[in-house]
Amino acid sequence: MEWEIVIGLEVHVQLSTQSKLFSGASTRFGAPPNTQACAIDLAMPGTLPVPNEQAFRYAVMFGLAMNAEISKRSVFERKNYFYPDLPKGYQTTQLAEPIVGAGEIEIHLEDGSSKSVRLHHAHLEEDAGKSLHEDFQGMSGIDLNRAGTPLIEIVSEPDMRSAAEAVAYLRKIHSIVTYLGISDGDMSQGSMRCDANVSVRLKGEEKLGTRTELKNINSFRFVERAIKVEAQRQIDLIEDGGQVVQETRLYDADKNETRSMRSKEVANDYRYFPCPDLLPVELDDDYIEAIRRELPELPDAKSARLAGEYGLSVYDADQLTQERASADFFEAATRQCGQPKLVANWMMGELAALLNRKEIGIEQSPVSATQLAGLIERIVDNTISSKIAKQVFEAIANGEGDADTVIEQRGLKQVSDTGAIEQMVDEVIANSTAQVENYRNADEAKRPKMMGYFVGQIMKASKGQANPQVINKILKDKLDALL
Amino acid sequence: MAVDAQTVHRLAELARIAISEETLEEVSGRLGDVLKLVDQLQTVNTEGVAPMAHPLDATQRLRPDQATETDCREEMQAIAPQTEDGLYLVPKVID
């Protein structure tokens, strides 16, 4: 039996506004508990919410970037449930008339193929506070700083067919919201959170299987692992004659398993109704069109432009544009040194490895775009070889200054002086009688390959600083003179 | 039309209120009265009428994105039953 996995994602993205969705309390991260929770956030009697214009602007930007319909009229509703980190007893959200309607985006997969994923809708809503379950005299502690922070919830159609596709979609959303600058997209701080609806069905079957919902998965890697392990659980269950139960499950990263969050309580019924405290929000065409004109260049457009303008491969261009900071780095370095291909190679090679090792983003890179461009300029003008360049790169990363300073201080300048190289070549030839003999007796076709040994010895003698082109030329002349 | 006991209990649970067996009959009758009113409304022909989100024929004013509120923790926590380290304390919500 061949199974097909069906995945839909609900992604919550915290918007980078200064103030909350319905109050003038600050949204700054990391403030002492409850110092950014005002009377409105705390649901004090007599308070009235007033929506934040910037949250609407951000939601419209997102909708436009997703090629989605923008609703000129949207309505807030109350989703009623009781939990201590939700002081009002309801979450103000949108249901029947959300700000962003149906849309579609292209996702790019590792094998180079791409696929379209449909957006069901995206709506504005407020975040809840945080519950801390450490032991406070056997009670729970509540911090309401986050209560009322604006979110957009982005709901996809069940269009993804593998964990890898789900991750590609999530990365695309991440890339779009960070390009737009509407969210920092930091999953580790909860600025972006993901719930996955997962079901399985036999290949060819049209009817969707019963789905489970995986809650609050907080990294790209966990999304992939959680979906894989949940789909396998469902397949095993069905193959053993069981049935999938529609429920909410939690992914346990330590055990790499999902488990039911079902409690003994009866299922919730959110009893949505339009919020009487808020009037319908209406946006006109001028407002929406003005936002459209100000949209920054988005990842797909940037990738296509980089590929065209700088002759990069589609893969390289995609890699470099996934993050706006990385695309900016690339363009800054390329403008300076005029070597797009070398900049791309260094960024995806040495620089990516360095950032990975240090577990930091390109924004915190110890090697700046200017420094990388400076290094590449020295490779191109033959001051240093590519091999030495790696040493110089490490030194720059360690804070030893820019390429010129490192080359100067460490005396790494490539030796192109023919006299000095000639001397080294003579010495190596004199010390390699057997190899010279072999060279002379070898087939002419095999000789170029045999030169490798001599080049290696000379490089060693010069501590890697001799210009390889110059070595090759002198060496060949000298060896051929012995024939 | 009275609301049956099971529905009353379910509604009470969703609203987190306690309804004693003694008051059950009264509550059930009163909820039934509300539903009668709803039934009456249901008889109105609403074909082609868009659902109304708000009785006022007006649209929402939006607010510029500025943090205008100042820290009022001390004031708010003065009227809270229990606090610790700046947190509001509530009965434990998970086991």
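Within every chain, numbering begins at 1; the chains are lettered A, B, ... in the order of the sequence lines, protein sequences first and strands thereafter. Not measured: the values here are computed from a predicted model.
- Ranking B:T83, B:T68, B:D71, B:T70 against chain A, the residue ahead of the rest is B:D71, based on heavy-atom pairs under 4.5 Å.
- The side-chain heavy atoms of B:L89 and A:I142, taken from C-beta on, include no pair separated by under 4.5 Å.
- If you measure heavy-atom distances from B:E74 to chain A, you find no contacts under 4.5 Å at all.
- Distance CZ/B:R61 to CG/A:L279: 11.0 Å, rounded to 0.5 Å.
- In this structure, no portion of B:L11 lies under 4.5 Å from any heavy atom of chain A.
- In this structure, B:L14 CG and A:F82 CZ are separated by 9.0 Å, a value rounded to the nearest 0.5 Å.
- Residue contact with chain A, scored on non-hydrogen atoms closer than 4.5 Å, involves the side chain of B:Q82 exclusively.
- Of the inter-residue distances, the one linking A:S19 atom OG with B:E69 atom CD reads 9.5 Å to the nearest 0.5 angstrom.
- Here B:Q66 contributes atom CD and A:Q54 contributes atom CD; the two are 10.5 Å apart, rounded to the nearest 0.5 Å.
- The candidate with the highest count of non-hydrogen atom pairs below 4.5 Å against chain A, out of B:P55, B:P51, B:A15, is B:A15.
- Around atom CG of A:D284, more than 12 heavy atoms belonging to other residues, nucleotides or ligands sit under 6.0 Å away.
- Proximity to chain B (any heavy atom under 4.5 Å) is shown, for A:V281, by both the backbone and the side chain.
- Looking only at side-chain heavy atoms (C-beta outward), B:L87 and A:L132 come within less than 4.5 Å of each other.
- Taking each heavy atom of A:P274 and B:A53 in turn, the nearest pair found is CB-O, 3.5 Å.
- Judged by distance alone, the side chains of B:D65 and A:T17 never bring a donor and an acceptor atom under 3.5 Å apart.
- Looking at A:A55, neither its backbone nor its side chain comes within 4.5 Å of chain B, counting heavy atoms on both sides.
- Residues A:Q137 and B:E84 have side chains that bring a donor and an acceptor to within less than 3.5 angstrom of each other.
- The most heavy-atom pairs under 4.5 Å with chain A, out of B:H54, B:R63, B:M76, come from B:R63.
- Side-chain contact check for A:R73 and B:T59: no donor-acceptor pair (N or O, by modelled atom type) lies under 3.5 Å.
- Using a 4.5 Å cut-off between heavy atoms, A:F273 does not touch chain B at all.
- A:P51 places a side-chain heavy atom less than 4.5 Å from the side chain of B:Q60.
- Annotation: side chain of A:N34 is in contact with side chain of B:Q77 (closest heavy-atom distance under 4.5 Å).
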